[in-house]
Protein chains: 2
Amino acid sequence: MREILDIQKKLLPDLMDIMKKRYSILHHILVSGVVGRRTLASSLDMTERVLRGEVEFLKELGLLESDASGMKISETGRQLLEDMQPIVKIAFGLTDLEESIEKAFGLKQVIVVPGDTDTSVFTKKELGRAGAAALRKYVAKGDIIAVTGGSTMAQIANNLAISSSMKGNWFVPARGGLGESVDMQANTIASIMAKKTGGKYRLLHVPDHLGEEAYQTLIQDPQIKEVVDAVRSCRIVIHGIGDAMVMARRRKVDADTTRSLQADGALAEAFGYYFDRQGNVVHKMPTVGLRLEDLQRTEVVIGVAGGKSKGEAIASVLRHGQEHVLVTDEAAAIEIMKHV
Amino acid sequence: MREILDIQKKLLPDLMDIMKKRYSILHHILVSGVVGRRTLASSLDMTERVLRGEVEFLKELGLLESDASGMKISETGRQLLEDMQPIVKIAFGLTDLEESIEKAFGLKQVIVVPGDTDTSVFTKKELGRAGAAALRKYVAKGDIIAVTGGSTMAQIANNLAISSSMKGNWFVPARGGLGESVDMQANTIASIMAKKTGGKYRLLHVPDHLGEEAYQTLIQDPQIKEVVDAVRSCRIVIHGIGDAMVMARRRKVDADTTRSLQADGALAEAFGYYFDRQGNVVHKMPTVGLRLEDLQRTEVVIGVAGGKSKGEAIASVLRHGQEHVLVTDEAAAIEIMKHV
DNA sequence: AGACCCGGGACATAAAACGTCCATCACGGA
DNA sequence: TCCGTGATGGACGTTTTATGTCCCGGGTCT
């Protein structure tokens with residue numbers, strides 16, 4: 001597989017370039033849904049005319065369709081892109097990155113998509129697609145799946161579709177309400193995922209910043225207790241990873257805590273825990289839900305995050321050593337490898 | 001290994017041609033030791049100039065060297081050829097088949113898709129795609145296109161899409177109603193193709209098994225006469241090829257005729273005519289529409305059929321000698337070559 | 001109704017591919 | 001030593017293809 005591409009690179013370097021070009025056109029159209037020639041040209045940094053040439057060609061091949069409203073990918077085209085996935089990875093040199101990270105942190109699988117989530121909205125979408133595919137791969141019938149919030153997780157939810165293997169699964173938020181905008185809260189995302197896959201969901205309506213008393217009262221509540229028990233016995237966790245300070249700001253933690261986070265060198269955040277460079281937990285959010293000790297029993301922990309700026313944070317969480325699968329993008333992967 | 005090439009072919013249809021061209025240049029140089037441009041050109045059946053273009057390219061890639069005494073292969077080039085050995089076998093299997101059949105039956109173009117229609121539904125779909133592509137390639141504006149029935153033709157219709165070059169063309173059934181299930185009748189297929197491509201269609205509603213009287217009456221009918229005239233002046237015929245006995249059964253021909261078909265060694269069926277092993281017509285369906293003599297004026301005759309079991313039948317029709325283009329699959333192609 | 005974006009036709013022009021011819025060089029045999 | 005042969009590579013006009021540019025008619029959203 002790899003050899004054949006290496007050979008082709010030697011004998012047909014020009015065709016490999018064309019392949020990349022056509023692939024990226026198709027891929028852009030795929031993630032854009034319906035898109036016009038001019039928009040696409042500028043987003044791919046091509047002149048309109050040469051894009052048009054390629055598009056006409058791809059249309060002849062039946063890989064995309066166009067009507068007055070714009071161009072969209074055809075079913076065969078969509079299938080082709082899927083089949084091409086491994087080829088593209090090798091051709092773009094992503095397989096190397098995946099394997100290096102797997103080895104460096106002892107992970108079961110690493111998936112790297114091309115691009116940089118920080119700079120391209122398309123990469124973010126692709127990250128969502130890849131995250132959804134990873135979840136689909138590891139999920140089994142009757143699983144309880146704990147999810148967190150964040151824009152990346154929202155993107156994954158977007159890309160899930162009904163599938164027999166996920167029908168009847170339970171989606172639960174990993175932890176209580178994490179004061180973000182509603183459509184990126186874990187609760188929202190769990191319910192979207194359940195609806196999209198034909199699964200069921202339970203929510204945790206718990207306010208932020210709990211005091212000790214309120215906390216004790218809450219976990220006595222039978223309704224809440226039931227959900228929390230479900231969360232703690234989940235078989236799969238899929239979560240985003242954030243920069244510690246960014247998350248702290250977003251959650252409006254008080255100034256004291258922020259200072260203490262800084263003093264402790266908090267770098268990354270995931271499912272309510274804050275990690276320093278060495279992967280040690282330096283702080284945790286005061287709310288109910290999944291605890292670190294539950295994670296050890298969890299069979300599959302999937303982390304999804306991308307963007308050059310998050311590379312170091314991802315490396316911190318990986319170093320903590322409870323992840324099994326990582327889905328990230330090229331830019332972040334390169335950063336991660338700088339921190340081994 | 002094989003899939004990767006198939007995938008690439010979908011995105012870069014001329015990949016194989018170029019790869020083959022460059023490979024054979026290098027290979028020729030390898031076996032020749034040192035050779036000059038003109039010698040090489042004539043032995044590869046290329047014009048000198050185009051060979052020169054490739055040679056200059058290969059030289060830039062460092063795969064061959066040249067000095068005043070001629071060209072010879074470089075060490076990396078030799079290594080590359082060695083590494084390519086397995087690829088070449090797989091990759092050129094089909095191309096070789098295509099060319100052998102073209103030469104054996106004097107066809108303009110042969111397209112072979114991988115697989116066996118008899119055993120794989122994917123191959124059948126692929127055959128449909130390839131058939132549709134072939135039709136798209138040869139069609140011109142304002143053409144009348146005569147089509148036949150059958151599941152393969154239905155598959156082609158499925159794979160047609162609206163295209164400017166086919167807009168406004170006429171689709172007509174090659175011959176009157178061939179008592180098959182409705183969705184595989186020529187009439188149905190002609191109308192689907194017209195709808196899919198944005199063309200127009202005329203149908204021939206003629207019952208099977210016409211008596212001589214009824215026949216005479218029918219062809220007097222101005223409506224029918226108009227369509228029949230259109231059919232007979234078509235520029236393109238695209239048709240399936242069937243096994244004679246299978247078709248006879250499907251059309252419920254009477255026992256007498258069946259016996260006579262068997263006695264005459266009928267092997268294949270196409271557009272209502274039955275052919276024996278040598279390609280002679282041994283029987284024809286009693287219905288209106290395209291006659292063999294009309295076929296001689298037809299500019300493009302495209303036959304589409306696949307499956308190991310049909311190989312012999314396809315060979316019979318090809319031997320009759322009125323086909324220009326054949327679209328088939330690998331299994332059938334191999335069978336065909338056994339009957340040259 | 002009007003602004004906007006879409007695909008696709010049209011056409012001039014730039015670029016690449018190709019056919020053709022020739023200058024020059026190395027080599028071997030007379 | 002000279003000359004014929006076959007080699008590469010330069011040159012150049014021609015043809016074909018790719019590209020830049022402009023515009024039209026038709027949907028769509030506001």
Side-chain angles (χ1 to χ4, degrees), chain A residues 12-15 17-22 25-26 28-74 77, chain B residues 11-15 17-22 25-26 28-74 77 136-137 139-142 161-169 196-199:
Chain A
L12 314 157
D14 47 346
L15 291 192
D17 291 341
I18 298 178
M19 186 166 102
K20 272 190 190 174
K21 182 164 66 177
R22 304 223 170 119
I25 292 175
L26 275 181
H28 252 80
I29 296 179
L30 174 71
V31 298
S32 307
V34 179
V35 67
R37 215 196 307 137
R38 285 169 259 269
T39 318
L40 189 58
S42 76
S43 117
L44 281 167
D45 197 31
M46 291 180 167
T47 69
E48 184 193 330
R49 192 58 179 78
V50 40
L51 172 70
R52 184 174 167 179
E54 294 296 337
V55 160
E56 273 164 3
F57 188 80
L58 292 172
K59 207 166 4 174
E60 289 266 318
L61 298 179
L63 299 175
L64 58 86
E65 297 157 356
S66 70
D67 55 29
S69 69
M71 304 172 291
K72 69 168 187 294
I73 200 141
S74 76
Chain B
L11 203 58
L12 307 160
D14 42 5
L15 172 92
D17 294 335
I18 298 179
M19 191 158 108
K20 183 168 191 176
K21 184 164 63 175
R22 298 205 182 141
I25 293 174
L26 277 180
H28 250 81
I29 296 178
L30 175 70
V31 298
S32 310
V34 180
V35 67
R37 221 167 40 205
R38 281 170 264 274
T39 319
L40 190 56
S42 76
S43 113
L44 283 168
D45 197 29
M46 292 179 165
T47 69
E48 187 193 329
R49 193 59 179 79
V50 40
L51 172 70
R52 185 173 166 181
E54 292 297 338
V55 160
E56 274 164 3
F57 189 79
L58 291 171
K59 205 164 13 175
E60 281 192 16
L61 297 179
L63 299 175
L64 60 85
E65 297 154 357
S66 70
D67 55 28
S69 66
M71 304 172 292
K72 68 170 191 290
I73 199 146
S74 76
R136 194 158 43 227
K137 173 175 173 184
V139 81
K141 238 187 168 80
I162 194 139
S163 89
S164 54
S165 64
M166 287 208 234
K167 216 174 233 169
N169 289 8
K196 285 239 185 188
T197 59

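Keep in mind it's a predicted model, so treat the numbers as computed, not measured. Order of the sequence lines sets the chain letters (A, B, ...), proteins ahead of strands, with each chain counted from 1.
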Spacing between Ile18(A) atom CD1 and dA18(D) atom C1', to the nearest angstrom: 12 Å

Lys59(B) vs dT8(D): side-chain N/O to OP1/OP2 distance below 4.0 Å: no

CA sep, side-chain torsions, deciding dist, call: Ile25(A), Ile29(A), side-chain contact (heavy atoms from CB on, under 4.5 Å): CA-CA 6 Å; Ile25(A) 292 175; Ile29(A) 296 179; 4.0 Å; yes

Presence of donor-acceptor pair under 3.5 Å, side chain of Arg38(B) and base of dT5(D): no

Touch class at under 4.0 angstrom, heavy-atom based, for Gly53(A) against every strand present: nothing

Short side-chain to backbone donor-acceptor contact, Arg22(A) and Leu58(A), under 3.5 Å: no

Contact under 4.0 Å: Thr47(B) side-chain N or O vs dC18(C) OP1/OP2: no

Spacing of Glu56(A) atom CD relative to dG8(C) atom P, expressed in whole Å: 7 Å

Shortest side-chain distance from Thr39(B), nucleotide among dG19(C), dA7(D), dT21(D): dA7(D)

Heavy-atom neighbours of Asp17(A) CG exceed 12 at 6.0 Å: yes

Whole-Å gap separating C1' (dT8(D)) and NZ (Lys72(B)): 14 Å

Separation of dG8(C) P from Leu40(A) CG (nearest whole Å): 14 Å

Intermediate values then yes/no, side-chain contact (heavy atoms from CB on, under 4.5 Å), Met71(B) and Val55(B): CA-CA 9 Å; Met71(B) 304 172 292; Val55(B) 160; 3.5 Å; yes

Euclidean distance, atom CD of residue Glu54(B) to atom P of dA17(C) [Å, nearest integer]: 9 Å

Nucleotide nearest Val50(A) when distance is taken to its side chain, options dG10(D), dG7(C), dG20(D): dG20(D)

Spatial distance of atom CG (Asp14(B)) from atom NZ (Lys21(B)) [nearest 0.5 Å]: 9.0 Å

Arg49(B) side-chain proximity, nearest of dC18(C), dC22(C), dC23(D): dC18(C)

Nucleotide dG27(D), atom P - distance to CG of Asp67(A) in whole Å: 10 Å

For atom CD of Glu48(B) and atom P of dA11(D), their distance in whole Å: 17 Å

Presence of donor-acceptor pair under 3.5 Å, side chain of Arg37(B) and base of dG6(D): no

Touch class at under 4.0 angstrom, heavy-atom based, for Val35(B) against every strand present: sugar-phosphate

Whole-Å distance separating the CD atom of Glu65(A) from the P atom of dC6(C): 18 Å

Closest to the Arg52(B) side chain, choosing from dT20(C), dC23(D), dG9(C): dT20(C)

Phosphate OP1/OP2 of dG7(C) contacted by Ser69(A) side-chain N/O (<4.0 Å): no

